[in-house]
Amino acid sequence: MTMRVTHRVATTGVVGGAIVLLALLALPVGALVLRGGLDGLRELGGDRELQQSLALTAIAATTATLVAVALGTPLAYLLARDRMPAGALVGALVELPLLIPHPVAGIALLLAFGRASPAGEALARIGLGVVGSPLGIGLAMLFVAAPLYVSAARESIARVDERYEAVARTLGDTRWRAVRRVTLPLAGRGLSSAAVVMWARAVSEFGAIVILTYNPKVASVLSYDRFTATGLDASLPVAAVLVLLALVPLLVLRSLRTNQARAERAW
Amino acid sequence: MVIVQGLSSRAGTFLLHDVSFQLASGAWGIVLGQTGSGKTTLLETIAGVRRAIAGQIILRDEDVTSHPIEQRRVSIVYQHSYLFPHLTVDENVGYGTMDTRFASDLASRFGVDGLRGRPVASLSGGERQLVALVRALARHPDILLLDEPFAALDPRRRIQVRRQLRLLQRESGMTVLHVTHDFAEAGTLGDLAIVLEAGRVIQIGTPTEVFRRPASGSVAEFLGAENVFSGTIQRTATPTSGETDVLHFTGEGIALVGVGEHAGGAGHAVIRGSDVVLAHARSARTSARNVLDGVVEEVLFDGMIARVAIRVGSTMLVAVVTRSAVDDLGFAPGLAVVASIKAIAVHLC
């Protein structure tokens, strides 16, 4: 076989493989949007339950993301800078929820924060019931999606050379002031894109939420509910709207990543 | 005053081991060594960027070994300037100081006042280094650590900046510890030279001492001595403690009379190319103790300087002369010449 033929076979293999995978990814989404997209957008104006469900999903995902940013950024910093005792173990623990099937995550949350648990009982006593409440939704979202934030934030912080912080400290900053003034702004785009990824993952969560809080319904649960109660056609508009809304964080993410790559090249 | 005693530190798998030296207040120390010898690790350990695993760091009569970076009150300038890319030049310069007038004066002295307001991304490598230097100086540091801070400057600018910095250092009495690969810089600026090899100090002295009398063959080679020979050193008289003696060297097919403090045995003979005098014939009477017959093998020009390689027996000797000397005396491959070297120009170590 000549070199040219080998090259052609290899090129065909690479391009063919890419096309097959793209088709596998695009076909179901395309079919869903084509069949239910327009109806979904039309229904969005008049379907009160769908509106409430989308609002609840957005609020819960945003709250979970804000909590993850507030609590996860310090953790990501400590892990990125190897300042956490037993850092490897803590890192593995943080990423564990990514590997647990989501209904199992729901069961674990139910055990830890359900009415029968000490934590759940204590929360219920101050009026913060976890099961069947928006708090449960936020908690489930936080549990399954925060590891994505911490993981990406850790990488983003690790990419900022520690010497920037050291130089800031020779210029009079304390460690945490240097982190605030230098490290976080330099990791800023990476942290934002980590938050967007987490938000998108939280919005799409179903397994853990359905076990902890079936009602009130977030969009994913509503879509499943309509599918089981009234069939495919009724669930299509909700599902299609969810897919279309997922495009928003995706576009934000692309833009953030492009800007970050450009900024890092200039350092 | 900077006192480092038995300092050890780790950078990945690299170990800086048992480093000791003293740098007086207002002095300029030069740290020399090949890439990977531990120069940056030493500076970073003094600054507190790296943790000392043994030893002591005393700055201004205070033991700061366990102090955090910000409490050591030293400024550091890296070769990669580490300007904060999310801030403008102005914001970088003013980052650690409230004294905006002084910062502005420094910016003007080092020629970066025209860069104010510009984003860091738009600066060249040399401009970044200058801004980083001004940023560090703007804090009125009394101890300044420099890690090849002029590497990206063009030669003319480098000389100007060096001169400005030396002036500023004399005005302020600042103590400087400066890593450089530039021997001219070391010779011009340094009061003390510290030579590192594989994480250990192998020589400390004034730059002149270190250049004229390198402690070992590897130091000599690193410092750019053209002729370093390995062989045996023999004493002809009883050693005079702590003083330089006349010694005899044989090795690599060459026999030399030289000076040094060597006890005898295996060693090196180091001769700077500029100390080798070439002539067409032997002079009847000469003070040079080493007169060697040879044949020119190669003449290499570097601007107005020429390196003339001469075969002496089985070994090569390099003489550094001017281009005009080559032209006047007609040095060319195949020409028989006589190389004369004074004994005091043959350093035995």
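To find a chain, count down the sequence lines: A is the first, B the second, and so on, and within it residues start at 1.
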Chemist: So for B/Arg135, is it side chain, backbone, both, or neither that comes closer than 4.5 Å to the heavy atoms of chain A?
Modeler: both
Chemist: Is B/His86 reaching over with its side chain to a backbone N or O of A/Arg181, donor-acceptor style, under 3.5 angstrom?
Modeler: yes
Chemist: For atom CZ of B/Arg101, is the number of surrounding heavy atoms from other residues, nucleotides or ligands below 6.0 Å larger than 12?
Modeler: no
Chemist: Would you say that more than 12 heavy atoms from the other residues, nucleotides or ligands in this model lie under 6.0 Å from the CZ of A/Arg163, or not?
Modeler: yes
Chemist: When rounded to the nearest 0.5 angstrom, what is the spacing between OH in B/Tyr82 and CG in A/Leu171?
Modeler: 14.5 Å
Chemist: Out of curiosity, B/Tyr95 OH to A/Asp173 CG, how far, rounded to the nearest 0.5 Å?
Modeler: 3.5 Å
Chemist: In this structure, are over 12 heavy atoms from other groups packed under 6.0 Å from B/Arg51 atom CZ?
Modeler: no
Chemist: Which of parallel (below 30°), tilted (30 to 60°) and perpendicular (above 60°) describes A/Tyr164 and B/His80?
Modeler: perpendicular
Chemist: Look up atom CD in A/Glu165 and atom CD1 in B/Ile69, then write down how far apart they are to the nearest 0.5 Å.
Modeler: 8.5 Å
Chemist: Please state whether the side chain, the backbone, both or neither of B/Glu44 comes within less than 4.5 Å of a heavy atom of chain A.
Modeler: side chain
Chemist: Where does B/Leu87 contact chain A at under 4.5 Å (heavy atoms): side chain, backbone, both or neither?
Modeler: neither
Chemist: Got a donor-acceptor contact below 3.5 angstrom from the A/Arg169 side chain to the B/Glu70 backbone?
Modeler: no
Chemist: Please examine the side chains of B/Phe84 and A/Leu186, heavy atoms only from C-beta on, and report whether any two atoms are closer than 4.5 Å.
Modeler: no
Chemist: Say you draw a straight line from CZ of B/Arg73 to OG1 of A/Thr170; how long is it, rounded to the nearest 0.5 Å?
Modeler: 13.5 Å
